[in-house]
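Structure, as structure tokens:
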Amino acid sequence: MDSYGFHDGNICNLLESRCFDARHDINHSLQMHSSLIRRLSLEKELEGHQGCVNTIAWNSTGSLLISGSDDSQMNIWSYNGRKLLHSIDTGHSANIFCTKFVPETSDELVVSGAGDAGIRLFNLSRLSGRGPDNNAFAPSAVYQCHTRRVKKLAVEVGNPNVVWSASEDGTLRQHDFREGASCPPAASSPQECRNVLLDLRCGAKKSLADPPKQTLALKSCDISTSRPHLLLVGGSDSFARLYDRRMLPPLTSCWKRMRPPPCVNYFCPMHLSERGRSGLHLTHVTFSPSGDEVLLSYSGEHVYLMNVNHAGGDAMQYASGDASKLMTFNPILNGLELLYKSSLCSKSNVAAMLEKCRKLAKIAEKCLGEGSNYYDGIEACNEVLDLHGCDIGPAIRHDCLCTRAALLLKRKWKNDVQMAIRDCYSAYRIDGSSFRALYYMSEALSELGKYKEALEFAVAAQPVAPSNTEIAEWGENLKKNLAAAEAEKTKKANDGALRSEREDSDYDEELGLDFETSISGDDGRDIEPNTLHGSLNLRIHRRGDSTRESSCANGSCRSPSSSQNDRRNYQPETVIDMKQRFVGHCNVGTDIKQASFLGQRGEYVASGSDDGRCFIWEKQTGRLIKMLNGDEAVVNCVQCHPFDCVVATSGIDNTIKIWTPTASIPSIVAGGSTGPETSNVLEAMESNQRRLNHNHEVFFPFFRMHEFAEGTLHPLECAQS
């Protein structure tokens, strides 16, 4: 695949086009061109923090970088000088998770949010003439109305007066600097901060079919730069939510628990919408620069791209039950159904494009036939289907869909089976007599333990290829597996009937973990480095207790009886499905891992990873273009400079890495710095996928897991754990 260029073409041709097309903004195209990304190399490590760097953000002009850390310091860095300008002792008593420059304030106002549930506003003009170490001054405002950790802040372009905060207490609050410099702390009485914009304390959904009940612990939020009235939030379930701020009810206090307001859109990949109690949740959500797309990063999962404007017909919407329809055999009577629209592209290069697609299809078939390098085969199919899908005919499209499905079933990365089912479904809709589509669908469903549905597709495949003995044997094996599964189901049902009420299946051993640490020495005693100080509280409660707890605390959304009625009367929403998936990284160890668009056009996507690397993909095809070795343990933050081809990364290390396109030779790995050899790129990705597939089996003590998630565990200790 390295012999095939990326969609943005040759950088020399792009430069020459300046003379012919004055309307073309060459700066936007050049900022994050593939030729430059593949030359990214470590230029500078910014030193100045004494703990994990959990958040980084550029100002609007790119002249300054702000960072927040476990050391409760907020640092301001010079982009041109690559040096520390100011280090602010924020006064936070826990890890800083988010920092922002407030727009239209000449970069004088900065704001921070932390694990102590507090938000603090600082005026940098008070630091005029001071050095980087003279940093003691009081904040301009302190907001303490949240009751749990503040995980993300959002600002609106052109608005110097307001900041929004997303907290794990289930509320998103709007803080207006003009209304007061402080608010009473959460424990005070009475607490009447009327700044709750979104009350999602009864907003979390176990699955698409279930009504919202439990607290949606918010992990991330973002405001669209192109349409600032649009607000995106993500938290402790599978669904990102898009709200129109103009349609939300007036600001309220936290005393009355409100039903979640209706949102404009839900976003979730279809195969993640029916997971129930899997613990799946979002760690980051963000808009694209244009505001037409959103990016979702999941814990224990991949990064997904969705369209915002579903009304335009570009995004696929689904409802509850649609996922099962993909797995149900329904004969297509007319034998042919095309699911794509004709392209209006220029036909001058159609022959060359088709020849390229045929060559890529042959590469994929070769990878499948040889039983090796499934990754390259899948990327070859991605190139055909995602980049040229609107231009190719149904025959090539069908063949590539079937080949990619077979390769995905062989590769067995996280949710590859679900992707194979999508491909088989699309191929079957193109050709209802496709043996490959029917057979691979049967195989995929068998992998999921859906033997009855798998058998239906296997039976449908037999008349298509009556001389194929393999499909007949496959069908017999499915019958045996189905019989065994039914017997096991019956046995479990009989065993369950004999159990006592206390031992019945409705008694679920849930572990709720509350843990707080302190890194300050306020009590006057010496604190031993790398030593945990805190309290551990484990709660074991019956299934449904967490629902009752979240329903009753600080008010009530519904009684148990009304909850049952709500479930019967609940009409599930429609959801926008994924249009691209980005794989190779691992997001398990931390709860603040970002996924970001790169460049003013957002044509590339980046994410941190638990293996200490930063991954960069081509947005349109999902093709991996670069891996940067950005941390000794975990990369959490990836932020692109507003105008230059410069990327900043941070994580468990106490430094910030600055990456620039200075390598002499383009490569998929970081040039000029330590990192894996090109031949080990696939090995690194496969290692990450093994961790994703088996993360529930990895032994990691609860207190270590929490400290690691907070970024307070030393890298060497992380490795030892």
Nearest heavy-atom pair of [X] and [Y]: which atoms, and what distance?
X	Y	result
Arg411	Asp416	NE-OD2, 2.8 Å
Pro661	Leu40	N-CD2, 3.8 Å
Val638	Ser607	CG2-C, 3.9 Å
Ala648	Trp58	CB-CZ2, 4.0 Å
Gly602	Phe597	O-CD2, 3.6 Å
Thr61	His641	O-CE1, 4.3 Å

Is there a side-chain contact between [X] and [Y], using heavy atoms and a 4.5 Å cut-off?
X	Y	result
Ile430	Leu401	yes
Met32	Cys640	yes
Phe615	Met685	yes
Met353	Ile392	yes
Phe329	Leu438	yes
Met419	His271	yes
Tyr604	Lys619	no
Leu385	Arg397	yes

Side chain [X], main chain [Y], donor-acceptor under 3.5 Å:
X	Y	value
Ser220	His284	no
Asp610	Val588	yes
Arg39	Ser664	yes
Lys626	Ser667	yes
Ser426	Arg422	yes
Arg241	Leu232	no
His302	Lys414	yes
Glu573	Asn265	no
Asp322	Tyr318	no
Ser226	Ser290	yes

Do you see a donor-acceptor pair shorter than 3.5 Å between the side chains of [X] and [Y]?
X	Y	result
Asp644	Gln31	no
Ser63	Asn59	yes
Thr403	Glu365	yes
Ser41	Trp659	no
Asn382	Arg404	yes
Tyr375	Glu686	no

For Trp617 and His585: C-alpha separation, side-chain torsions, deciding distance, then whether ring pair (Phe, Tyr, Trp, His ring centres under 6.0 Å) applies. CA-CA 11 Å; Trp617 301 272; His585 72 302; 5.5 Å; yes

What verdict does the side chain to side chain contact (heavy atoms under 4.5 Å, CB included) test give for Gln580 and Glu618, after you've listed the backbone C-alpha separation in whole Å, the side-chain angles of each residue and the deciding distance to 0.1 Å?
CA-CA 10 Å; Gln580 189 56 266; Glu618 186 180 42; over 6 Å; no

Give, for atom [atom1] of [X] and atom [atom2] of [Y], the distance between the pair rounded to the nearest 0.5 Å.
X	Y	atom1	atom2	value
Leu295	Gln594	CG	CD	11.0 Å
Asp292	Asn307	CG	CG	7.5 Å
Tyr304	Ser297	OH	OG	10.5 Å
Leu628	Cys614	CG	SG	5.0 Å
Gln418	Arg581	CD	CZ	10.0 Å
Phe457	Glu443	CZ	CD	13.5 Å

Worksheet item: Testing Leu208, Val575, Leu282, Leu280 for side chain to side chain contact (heavy atoms under 4.5 Å, CB included) with Cys268, which one passes?
Response: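 Answer to the side chain to side chain contact (heavy atoms under 4.5 Å, CB included) test with Cys268 among Leu208, Val575, Leu282, Leu280: Val575.
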
message: Here's a test for you: under side chain to side chain contact (heavy atoms under 4.5 Å, CB included), which of Ser446, Ser434, Cys424 qualifies with Met441?
response: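 It is Cys424, the one option of Ser446, Ser434, Cys424 that forms the side chain to side chain contact (heavy atoms under 4.5 Å, CB included) with Met441.
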
Notebook entry, point to check: Would you call Lys657-Glu43 a salt bridge at under 4.0 Å N-O?
Noted result: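 Salt bridge flag = no for Glu43 with Lys657.
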
Between Val605 and Leu598, is the side chain to side chain contact (heavy atoms under 4.5 Å, CB included) condition met? List the steps. CA-CA 6 Å; Val605 167; Leu598 302 186; over 6 Å; no

Set out, in order, the CA-CA distance, both residues' side-chain angles and the distance that settles side chain to side chain contact (heavy atoms under 4.5 Å, CB included) for Asn587 and Glu301, then state yes or no. CA-CA 7 Å; Asn587 181 7; Glu301 250 288 337; over 6 Å; no

How far apart are the C-alpha atoms of Cys357 and Val384, what are their side-chain angles, what is the distance that settles it, and do they pass the side chain to side chain contact (heavy atoms under 4.5 Å, CB included) test? CA-CA 6 Å; Cys357 289; Val384 175; 4.0 Å; yes

